[in-house]
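Okay, structure first, notes after.
Because the structure is predicted, anything quoted here is derived from the model rather than measured.
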Amino acid sequence: MASGCARGGSGRISGAIASQEGLPSIATVCPGKQWSHHPWNRADAALGDVFGWRAWHCRVSGWTRPSRGCFPTQSPAQPGVPSTVALPGPSRSQSPRRSRSSLFPPGGGAMASSARARNASRPRAGIMSPPLFSLPEARLRFTTSTREALINKSIKPLLNAFNQVPGSENEKKCTLDQAFRVVVEEEIINKAPCENLLAIISLAINGVTEGICTASTPFVLLGDVLDCLPLDQCDKIFTFVEKNVATWKSNTFYSAGKNYLLRMCNDLLRRLSKSQNTVFCGRIQLFLARLFPLSEKSGLNLQSQFNLENVTVFNTNEHESTLGQKHTEEREEGMDVEEGEMGDDEAPTSCSIPIDYNLYRKFWSLQDYFRNPVQCYEKVSWKTFLKYSEEVLAVFKSYKLDDTQASRKKLEELKTGGEHVYFAKFLTSEKLMDLQLSDSNFRRHILLQYLILFQYLKGQVKFKSSNYVLTDEQSLWIEDTTKAVYQLLSENPPDGERFSKMVEHILNTEENWNSWKNEGCPSFVKERSHPEFQLGPPDSKPMRPVRKRPAPEDFLGKGSNKKILMGNEELTRLWNLCPDNIQACKSESREYMPTLEEFFEEAIEQADPENMVENKYKAVNNSNYGWRALRLLARRSPHFFQPTNQQFKSLPEYLENMVIKLAKELPPPSEEIKTGEDEDEEDNDALLKENNESPDVQRDKAMTGEQIESFASKLGEQWKALAPYLEMKESDIRQIELDSEDVKMRAKQLLVAWQDQEGSHATPENLIMALTKAGLGDLAESLTNDTEGSS
């Protein structure tokens, strides 16, 4: 033992410790790595083998311990042997503390021998720190291995480098991710072909599969590549993304990369032009539809919002219109024909459909209603839409197409397989109007827009405002127009009937989609129901059904009637009224819930102004009635769960609103048969009332069409000054100006719109007050005289 220990400050490792720990002796492995000159080494030698082992460990690791903060360096006298470079500050040898060498003299002594004895009796466990991780070295190693793997088209160099580089797994993964990005950056700067970039991304995918890099690395590399490359090369990169959609949907990549892919696709869509890169944009949308599940919230228009930015621009200035004018100017020789214009050989010989500026303006104005269907619920806008639609559909009905209208050029393209040109936006040039109306595909686009609009107006949408309700007249017109549109589609060549049936089928299935969205878009994936009351592991065989003990005869009943005895005459009688519990619950006598007609009949009668029932006597103000009404509405009325923007301060106010809605939907109560005498008495009373009415009563009546016609001619140019005092919106005023240039017609439209808005309150008295506020006292006095004269 004495020969194997470090003595006299020599600093050599004990042979016994080296053999016990399975390590070679310092004399054979690390010759010359000694630091016997330092006092600490002498102290370690004095303390025994444990301090000698620590000294060897520091010496083998390339570190010395003369002072605080020393780093291994190469001594110029002995290359390959670490020396010390001390940082500024006092070393331990210069410290005022007493060194361990002063406690135990180098020669040994009693205390030194006792210390050696204690150390010899203790278990000597080897303590080795893990190898240190160096970021620059690891990054350089991984970068070199990545290039080698790219050349060999194999991931083995990366696997070997990952296993050989010291450090934790997370440190190595992050370093390898950075090495991938460095290599991609160099390839992009060197303008390498797309194949090299895709090969690096494939290496990253394999690295994720092997567990040597993070799962988000391929997506980060794809984002870097697509951000730096032009659009023509992005098309090739995105083809690779499309082909690997199954990889992105796997459990390894989906959760880590779905947000990266969504952001990457949105960035691409911002760079692309919807009119020039239409196909590329469509590919991106299809890829997102394949990647995400159908119930993904980010891909659903949950609140049914419209794309109001899709505005169709056309010529709104009639003075700049060229329709109806003969172009006498001849084209100069050598003038190039721009794309979208017609050459001499393509110019139509004659205009088959008479087109003027009014038809052109009304036709393209319909696109604003298709863009924002909510306008159809406004009275003035609906009348404009109705007028324009009737004229456009009348043109479609009057000038029908046949299969022989295809030009020679189109037939030659079909034979030679010519390229199909698709425009994402409508071309609204006046020169193309005749060709567009003569094109069957163009007509199909417009007719299909009508069907989609009608489906929205009639359908139940969860986030549609409660104010957006169609009148009976509007609903009837939509039904008739829908049939007419389907008829036009079936008559439109080619394969009109087949196309019409296909569109009808698609719109019918669209109702299922609307219902699914109204329910909150529940997931289509259903979990498997586990068998209940299953004992043992799931793979075990099912247990046999346990046989139940037969019921006693008294309980099942005796005699031919199977009368069940309950132990008491009264209970027996009650039970045997209907022995089957389910049938007893289904009995009609237990149906205590009234119908909507029966329960709200009294409230509907009280809501009628003609009955003149005061508010405090109405049933809706009764708290007990209100509570029962809410329960009944929740069970039987669809309006209860329909969202609304209206705010109700109290329950009676809400119930009164619901009663008005139900009064419109429920059938009217059956009227009693009146006798001839009663009818005569009512007619006589009406005649007496009409004859006895005063001028004040006449002014409280709603204005008639004759009164509006006569007063519109007097109002004339001053209609615009009166419009704000009739509470007309700026949009309604602009619409009136666009519809007609005749001043009298504009005044009449203003009065008709006011009458539709006010209803029964559109009386001469209210109009006189509005004229007075507008400063039109002469017209107010004239209207007063006319009203008194007619009475």
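Counting only heavy atoms from C-beta outward, the side chains of Asn492 and Leu488 never approach each other to under 4.5 Å. Thr384 is listed as a side-chain neighbour of Tyr369, based on a closest heavy-atom distance under 4.5 Å. The shortest distance between side-chain heavy atoms of Lys462 and Gln303 does not fall below 4.5 Å. Residues Trp477 and Ser389 meet the side-chain proximity criterion, which asks for heavy atoms closer than 4.5 Å. Looking at heavy atoms from C-beta onward, Met658 lies in side-chain contact with Tyr654 at the 4.5 angstrom threshold. By the 4.5 Å heavy-atom criterion applied to side chains, Leu451 and Leu489 are counted as neighbours. Within the 4.5 Å cutoff, side-chain heavy atoms of Leu630 are placed close to those of Leu651.
Residue Lys661 places its NZ atom among more than 12 non-hydrogen atoms of other residues, nucleotides or ligands, all under 6.0 Å distant. Met769 CE: 12 or fewer foreign heavy atoms inside a 6.0 Å radius. Within 6.0 Å of the NZ atom in Lys517, the count of heavy atoms belonging to other residues, nucleotides or ligands exceeds 12. Annotation for Arg631: atom CZ does not count as buried by contact number, only 12 or fewer foreign heavy atoms lying within 6.0 Å. Few gaps surround CD on Glu510; more than 12 heavy atoms of other groups in view lie less than 6.0 Å from it.
In this structure, Arg371 contributes its side chain and Phe306 its backbone to no donor-acceptor pair below 3.5 Å. Between the side chain of Ser710 and the main chain of Gln707, a donor-acceptor pair closer than 3.5 Å is present. Although no hydrogens or angles enter the test, the distance criterion places no donor-acceptor pair under 3.5 Å between the side chain of Gln718 and the main chain of Leu776. Checking side-chain atoms of Asn508 against main-chain N and O of Glu504 turns up a donor-acceptor pair under 3.5 Å. The main-chain N or O of Gln460 is found under 3.5 Å from a side-chain atom of Asn518 such that the two form a donor-acceptor pair. Side-chain N or O atoms of Lys464 include one that pairs as donor or acceptor with a backbone N or O of Gly459 at under 3.5 Å. Not one N or O on the side chain of Asn611 forms a donor-acceptor pair closer than 3.5 Å with the backbone of Val613. For the pair Ser440 (side chain) and Pro493 (backbone), a donor-acceptor distance under 3.5 Å is present. Remark: side-chain polar atoms of Gln474 are not paired, donor with acceptor, to backbone N or O of Trp382 under 3.5 angstrom. A donor-acceptor contact shorter than 3.5 Å links the side chain of Thr509 to the backbone of Ile506.
For the pair Glu570 and Arg573, the salt-bridge criterion is met [side-chain N within less than 4.0 Å of a carboxylate O]. At a threshold of 4.0 Å, the pair Lys720-Glu737 counts as salt-bridged, since one of the basic side-chain nitrogens sits closer than that to a carboxylate oxygen.
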Determine whether Gln735 and Gln749 satisfy the following criterion, side chain to side chain donor-acceptor pair (under 3.5 Å), listing intermediate values before the conclusion. CA-CA 10 Å; Gln735 190 65 37; Gln749 287 183 356; over 6 Å; no

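If you look at Trp719 and Trp754, their ring centroids are not closer than 6.0 Å. Aromatic rings of Tyr450 and Tyr388 (six-membered ring for Trp) have centroids beyond the 6.0 Å cut-off, not under it.
Sorted by first and then second residue, the salt bridge (charged side-chain N to carboxylate O under 4.0 Å, His left out) pairs involving residues 613-628 (not counting sequence neighbours) are Lys618-Glu656. Residue pairs meeting the ring pair (Phe, Tyr, Trp, His ring centres under 6.0 Å) criterion with at least one partner in residues 497-517, sequence neighbours excluded, are Trp513-Trp516, Trp516-Phe524.
Checked by atom type, the side-chain pair Lys458/Ser475 shows no donor-acceptor distance below 3.5 Å.
For Lys748 and Phe711, the positive end is not near the middle of the six-membered ring at less than 6.0 Å and at most 45° from its axis.
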